[in-house]
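Written out below as structure tokens is the structure these notes cover.
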Amino acid sequence: MHSCKFHLIFSQGYSYGEADTPQMCFNPAKSWSLGWYPEQQESLVVTGPREFTMVGVVDYDKSETDKRVVVRIENSEGQDFFIGYNRKKGFNSGTKEAENMVTVVTSNSGYSSSTLVAKLDKGDEYQLTSNYENTGKALIVRFSDYSSPLSIDEAIVNVFFADCDPNDGCGDQPSESPVSGPAPDECKSNEGRFTLELMPDNFPGETSYELIENSIGTKMMASQGSLKAGTIKTDTTCLQQGRSYTLRMKDSFGDGMCCNHGEGHYIGRLNGNEIFRGGEFAAEETQEFTVTSGPGPTKAPTASPTPSPTKAPTKAPTKAPTKAPTRSPTPAPTENIPVTNGPCQANEGVAVVEVTTDNWPRETSWQIRSGATGAVIASASRSEFPRARTTYTSAPVCVPRGQCSTFTIRDSYCDGLSIGSVGGFVVYLDGNIEGSGRNFRCSQTVSLCP
């Protein structure tokens with residue numbers, strides 16, 4: 001049973017200590033701290049108008065990643081703001097305060113205590129701060145409406161600057177520009193052009209990022225807008241030459257962007273050249289680089305060669321997939337992958353998979369699925385490709401005739417099998433080449449129709 005006992009006390013407002021206290025789960029700061037709703041929470045630095053569909057804790061549904069139980073507004077000048085919708089129903093039906101209202105709570109880092117600062121009915125708004133992130137602008141939160149005239153289960157909440165009210169049409173077409181700096185189409189002669197490419201995993205609401213100038217701490221770029229699973233987002237800005245910067249990638253659930261729930265990644269480019277990439281980390285990963293003159297190095301000269309303290313130790317951050325090895329063995333050694341499928345019958349075709357790994361073999365995996373049921377017929381995980389520049393050949397795989405099965409090969413870092421001079425794959429069906437590839441980025445699928 002879902003317990004709410006840790007949510008009961010605000011530092012102001014109602015508090016209960018009786019054993020028969022009603023269930024109340026309306027403290028969004030505590031909800032965030034406990035991490036109970038990872039698929040429906042979001043942390044952001046506000047750079048423009050945002051709209052959220054918010055649900056109460058009773059309606060938490062991890063499959064509906066476009067809705068929010070908790071929204072955290074980061075505030076470097078003071079306490080963070082936590083917004084929630086205190087829907088009175090189900091195990092939260094005994095709530096005594098802020099029934100069916102949007103609540104705003106402030107809390108310090110660590111969230112040991114929190115303060116209820118606003119309770120909003122439909123149409124109400126509250127000024128979070130008069131000078132958000134030193135922009136000189138007041139930041140407003142408004143309980144605008146319900147998502148349906150037939151139900152109060154979902155609240156529409158807008159967060160916006162006072163000079164850009166969505167009710168006046170401001171922000172109908174939100175910009176994808178960085179937090180500060182000029183439009184990056186043309187950078188000045190003393191600037192470098194930095195681009196961040198980002199593809200989240202299946203839980204995009206967990207992912208956030210910020211780019212900081214190291215000497216004075218200016219925030220040059222930060223998460224804005226809603227990320228979408230499986231969709232690549234790019235963010236670009238101009239950075240002054242001779243200065244160092246740190247990119248912080250964060251995952252609120254602590255499982256990074258790859259590879260338990262999808263194969264997300266991020267790539268940093270300076271003047272068009274890749275300087276780092278990642279995705280497989282825990283709660284946070286940092287990348288430091290310096291903007292140099294000229295077209296920019298393929299690898300940042302100041303990039304840290306060791307993982308940051310919060311980075312999962314299984315991934316080295318200095319991987320430079322655009323750099324070819326100095327030499328590669330010829331021919332590539334070969335190994336066999338055992339597959340428990342066979343022997344094949346007359347009504348089955350015979351498929352064989354041959355994979356030659358590139359310099360990063362443990363990024364590769366493949367599956368063959370039935371076209372009729374979608375069931376996995378055969379597969380090879382990343383652990384079955386331990387050696388670089390080695391050819392792995394599967395045992396024969398039996399695929400049903402009269403239908404098209406699918407072979408899909410994946411690369412967890414979305415650079416295919418192109419890093420090195422020998423990488424690639426070939427799929428044979430009944431002795432004939434059915435498909436092959438090398439530069440397929442994240443994945444490639446081949447139909448097997450015997």
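Keep in mind that the numbers below use all heavy atoms, side chains included, and drop hydrogens, waters and symmetry copies.
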Original post:
Is the number of heavy atoms from other residues, nucleotides or ligands within 6.0 Å of CZ (Phe440) greater than 12?
Top reply: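 Correct, the count exceeds 12.
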
Below 4.5 Å, heavy atoms only, C-beta onward: do [X] and [Y] meet side chain to side chain?
{"X": "Glu434", "Y": "Tyr428", "result": "no"}
{"X": "Phe281", "Y": "Met257", "result": "yes"}
{"X": "Pro386", "Y": "Pro361", "result": "no"}
{"X": "Val353", "Y": "Phe407", "result": "yes"}
{"X": "Gln240", "Y": "Tyr245", "result": "yes"}
{"X": "Leu139", "Y": "Val159", "result": "yes"}

Regarding [X] and [Y], is there a side-chain donor-to-acceptor distance under 3.5 Å anywhere?
{"X": "Asn86", "Y": "Thr103", "value": "no"}
{"X": "Thr445", "Y": "Thr408", "value": "yes"}
{"X": "Asp235", "Y": "Tyr209", "value": "yes"}
{"X": "Asn27", "Y": "Ser114", "value": "yes"}
{"X": "Tyr266", "Y": "Gln287", "value": "yes"}
{"X": "Thr391", "Y": "Thr356", "value": "yes"}
{"X": "Glu154", "Y": "Tyr85", "value": "no"}
{"X": "Thr234", "Y": "Thr195", "value": "no"}
{"X": "Glu51", "Y": "Asn158", "value": "yes"}

For the side chain of [X] and the backbone of [Y], is there at least one donor-acceptor N/O pair under 3.5 Å apart?
{"X": "Asp251", "Y": "Thr207", "value": "no"}
{"X": "Glu288", "Y": "Asn214", "value": "no"}
{"X": "Thr357", "Y": "Thr390", "value": "yes"}
{"X": "Thr373", "Y": "Ser370", "value": "no"}
{"X": "Ser93", "Y": "Gly90", "value": "yes"}
{"X": "Asp430", "Y": "Val350", "value": "yes"}
{"X": "Glu348", "Y": "Gln345", "value": "yes"}
{"X": "Glu213", "Y": "Arg243", "value": "no"}
{"X": "Glu285", "Y": "Glu280", "value": "no"}
{"X": "Arg50", "Y": "Thr47", "value": "no"}

Which residues pass the salt bridge (charged side-chain N to carboxylate O under 4.0 Å, His left out) test with Arg142, not counting sequence neighbours?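 Arg142 satisfies salt bridge (charged side-chain N to carboxylate O under 4.0 Å, His left out) with Glu125, Asp165 once adjacent residues are dropped.
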
Just how far is it from atom [atom1] of [X] to atom [atom2] of [Y], taken to the nearest 0.5 Å?
{"X": "Asp411", "Y": "Arg438", "atom1": "CG", "atom2": "CZ", "answer": "12.0 Å"}
{"X": "Trp36", "Y": "Ser31", "atom1": "CH2", "atom2": "OG", "answer": "7.5 Å"}
{"X": "Ser147", "Y": "Met54", "atom1": "OG", "atom2": "CE", "answer": "12.5 Å"}
{"X": "Gln41", "Y": "Tyr60", "atom1": "CD", "atom2": "OH", "answer": "8.5 Å"}
{"X": "Ser365", "Y": "Phe385", "atom1": "OG", "atom2": "CZ", "answer": "7.5 Å"}
{"X": "Asp145", "Y": "Ile156", "atom1": "CG", "atom2": "CD1", "answer": "7.0 Å"}

Original post:
Of Ile377, Leu448, Val376, which meets side-chain contact (heavy atoms from CB on, under 4.5 Å) against Arg369?
Top reply: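 Option passing the side-chain contact (heavy atoms from CB on, under 4.5 Å) with Arg369: Val376.
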
Open item on the list: The test is salt bridge (Lys or Arg N to Asp or Glu O under 4.0 Å); show your working for Arg441 and Glu197 and say whether it passes.
Closed with: CA-CA 14 Å; Arg441 293 182 63 84; Glu197 176 186 302; 3.2 Å; yes

message: With a 4.0 Å cut-off on N to O distance, would you call Glu64 and Lys67 a salt bridge?
response: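 Judged by the 4.0 Å cut-off on N to carboxylate O distance, Glu64 and Lys67 do form a salt bridge.
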
- Mind telling me whether Phe276 and Phe194 have parallel, tilted or perpendicular rings, with 30° and 60° as the class edges?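 Aromatic pair Phe194/Phe276 classed tilted.
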
